[in-house]
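In what follows, chains are A, B, ... by sequence order, proteins preceding strands, each numbered from 1.
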Number of protein chains: 2
Amino acid sequence: MKFNKTTEYAFRILSYMAIEESRSYSVDEIFEKLHIPYRYLRKLMTNLSKSNFLYSIQGKNGGYKISGKLEDIKLLNLIEVVDPDYLVSNCFFGIENCSRESTCIMHDQWDGVRTHINTILANTSLADIKQGNNQNKIVLNTFHSLKT
Amino acid sequence: MKFNKTTEYAFRILSYMAIEESRSYSVDEIFEKLHIPYRYLRKLMTNLSKSNFLYSIQGKNGGYKISGKLEDIKLLNLIEVVDPDYLVSNCFFGIENCSRESTCIMHDQWDGVRTHINTILANTSLADIKQGNNQNKIVLNTFHSLKT
DNA sequence: CTTATATAATACCTAGAGGTATCATTTATG
DNA sequence: CATAAATGATACCTCTAGGTATTATATAAG
């Protein structure tokens with residue numbers, strides 16, 4: 001039931017950058033704080049700016065900023081871009097033609113789970129995460145990793 | 001949130017074999033009814049009998065039978081064997097040291113989802129699936145595939 | 001205008017889940 | 001007891017998410 005790595009990374013990156021939403025963050029800084037493989041992080045940051053969650057400032061003293069208001073960026077929006085397959089209505093049994101006309105026995109229950117997850121993701125914005133962050137919750141780990 | 005292929009296969013196999021719980025099923029028959037890659041299915045059947053959900057009858061006219069009572073075999077038992085990682089309490093953000101002492105902001109909500117899924121899996125036995133099967137629900141698809 | 005420091009683009013590598021292929025073993029039956 | 005029809009064991013192949021490496025481009029600032 002867990003997300004793929006890329007989604008976890010994206011969630012952590014944006015959650016971290018939400019702490020001081022208006023300033024810019026370099027890849028190096030994010031790398032120091034979150035522990036995401038350096039070069040993969042670079043690639044992911046580029047993707048996140050291509051998909052307009054961030055915008056990039058190139059050249060010396062460059063970096064990335066969150067684009068848009070925190071309360072408008074829901075986790076659901078992120079996962080839609082980063083792992084669009086995640087919320088596709090897959091049949092519990094993996095049956096291809098399990099649809100509304102003739103559903104498998106687990107269909108309704110599984111739909112309940114899907115809705116549950118969907119609701120959480122749709123109702124949690126970066127603003128919510130930022131706020132939770134001020135209540136001795138951790139959003140990120142502070143491991144220090146080495147560049148590779 | 002979806003299961004891996006092997007889990008889906010295992011669910012379908014056992015659900016199918018529950019229809020006539022007391023007779024034996026050959027790999028060939030299961031292959032004809034469910035559409036699971038033939039040789040992978042063979043391997044999986046052997047694993048399922050090694051882990052005692054099935055027992056195998058070797059030699060001519062051989063096959064597999066479900067071992068034990070349908071109501072005692074919960075989907076949870078199956079997934080525990082076939083994909084033990086699935087229900088491990090992974091942090092929402094993939095943070096390694098997110099634990100009870102200091103949890104991430106999504107911890108409780110994510111735990112709710114985990115419990116939801118867990119409850120479904122723990123409360124659904126092969127007997128339940130068999131019963132649902134008698135109410136114009138599909139448990140299996142009837143595609144006919146070719147051996148490879 | 002050169003240099004240092006940042007991101008962008010692109011191509012390649014790797015491990016593991018899923019899938020194949022081959023040969024060995026068991027056993028019912030003529 | 002020979003054969004056919006089943007499962008068992010084992011080794012290999014393949015595709016993709018995740019991870020690396022290298023080169024190109026942008027820009028602040030001395």
_Which nucleotide in dG18(C), dT20(D), dA8(C) has an atom nearest any side-chain atom of Asn4(B)_ =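 Shortest atom-to-atom distance from the side chain points to dG18(C).
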*Closest to the Val27(B) side chain: dG19(D), dT7(C), dT7(D)?*
dT7(D)
Would you say [N] has OP1 or OP2 under 4.0 Å from some side-chain N or O of [X]?
X	N	result
Tyr40(B)	dT14(D)	no
Tyr9(A)	dG19(D)	yes
Lys60(B)	dG30(C)	no
Ser56(A)	dA8(C)	yes
Asn61(B)	dT29(C)	yes
Thr6(A)	dG18(D)	yes
Ser26(B)	dA6(D)	no
Tyr25(B)	dA6(D)	no

[N] [atom2] sits how many Å from [X] [atom1], rounded?
X	N	atom1	atom2	result
Phe31(B)	dG19(C)	CZ	P	12 Å
Met45(A)	dG18(D)	CE	C1'	18 Å
Asp85(B)	dA17(C)	CG	C1'	12 Å
Arg39(A)	dT23(D)	CZ	P	11 Å
Asp28(A)	dA4(C)	CG	P	17 Å
Gln58(B)	dA28(C)	CD	C1'	13 Å
Ile57(A)	dT5(C)	CD1	P	18 Å
Tyr38(A)	dA8(C)	OH	P	12 Å

*In terms of the angle between their ring planes, are Phe3(B) and Trp110(A) parallel, tilted or perpendicular, with boundaries placed at 30° and 60°?*
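The arrangement is parallel - the two ring planes meet at less than 30°.
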*Can any side-chain N or O of Ser125(A) pair as donor or acceptor with the backbone N or O of Ala127(A) at less than 3.5 Å?*
yes
*With no hydrogens and no angle check, is any side-chain donor or acceptor of Ser51(A) less than 3.5 Å from a backbone partner on Val81(A)?*
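Answer holds: no.
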*Tyr55(B) near the nucleic acid: base, sugar-phosphate alone, or nothing, with a heavy-atom cut-off under 4.0 Å?*
nothing
*Shared ILVMFWY cluster between Ile13(B) and Ile57(B), side chains joined below 4.5 angstrom?*
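Ile13(B) and Ile57(B): separate clusters.
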*Phe93(A) pairs by side-chain contact (heavy atoms from CB on, under 4.5 Å) with which of Leu34(B), Ile129(B), Thr7(B)?*
Ile129(B)
_So, applying ring-ring contact (aromatic ring centres under 6.0 Å, His included) with Tyr25(A), which one of Tyr16(A), Phe31(A), Tyr64(A) is it?_
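With Tyr25(A) as partner, Tyr16(A), Phe31(A), Tyr64(A) yield a single ring-ring contact (aromatic ring centres under 6.0 Å, His included), made by Tyr16(A).
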*Tell me, for nucleotides 11-16 of chain C in 5' to 3' order, what letter each nucleotide earns: B for a base near a protein heavy atom under 4.0 Å, S for only sugar-phosphate near one, - for neither?*
B-----
*Under a 4.0 Å N-O cut-off, is there an ion pair linking Arg23(B) with Glu29(B)?*
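Looking at Arg23(B) and Glu29(B), the cut-off is met.
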*asked:* Could you check whether Lys69(A) pairs with Asp72(A) (Lys NZ or Arg NE/NH1/NH2 to Asp/Glu carboxylate O, under 4.0 Å)?
replied: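 Salt bridge: no.
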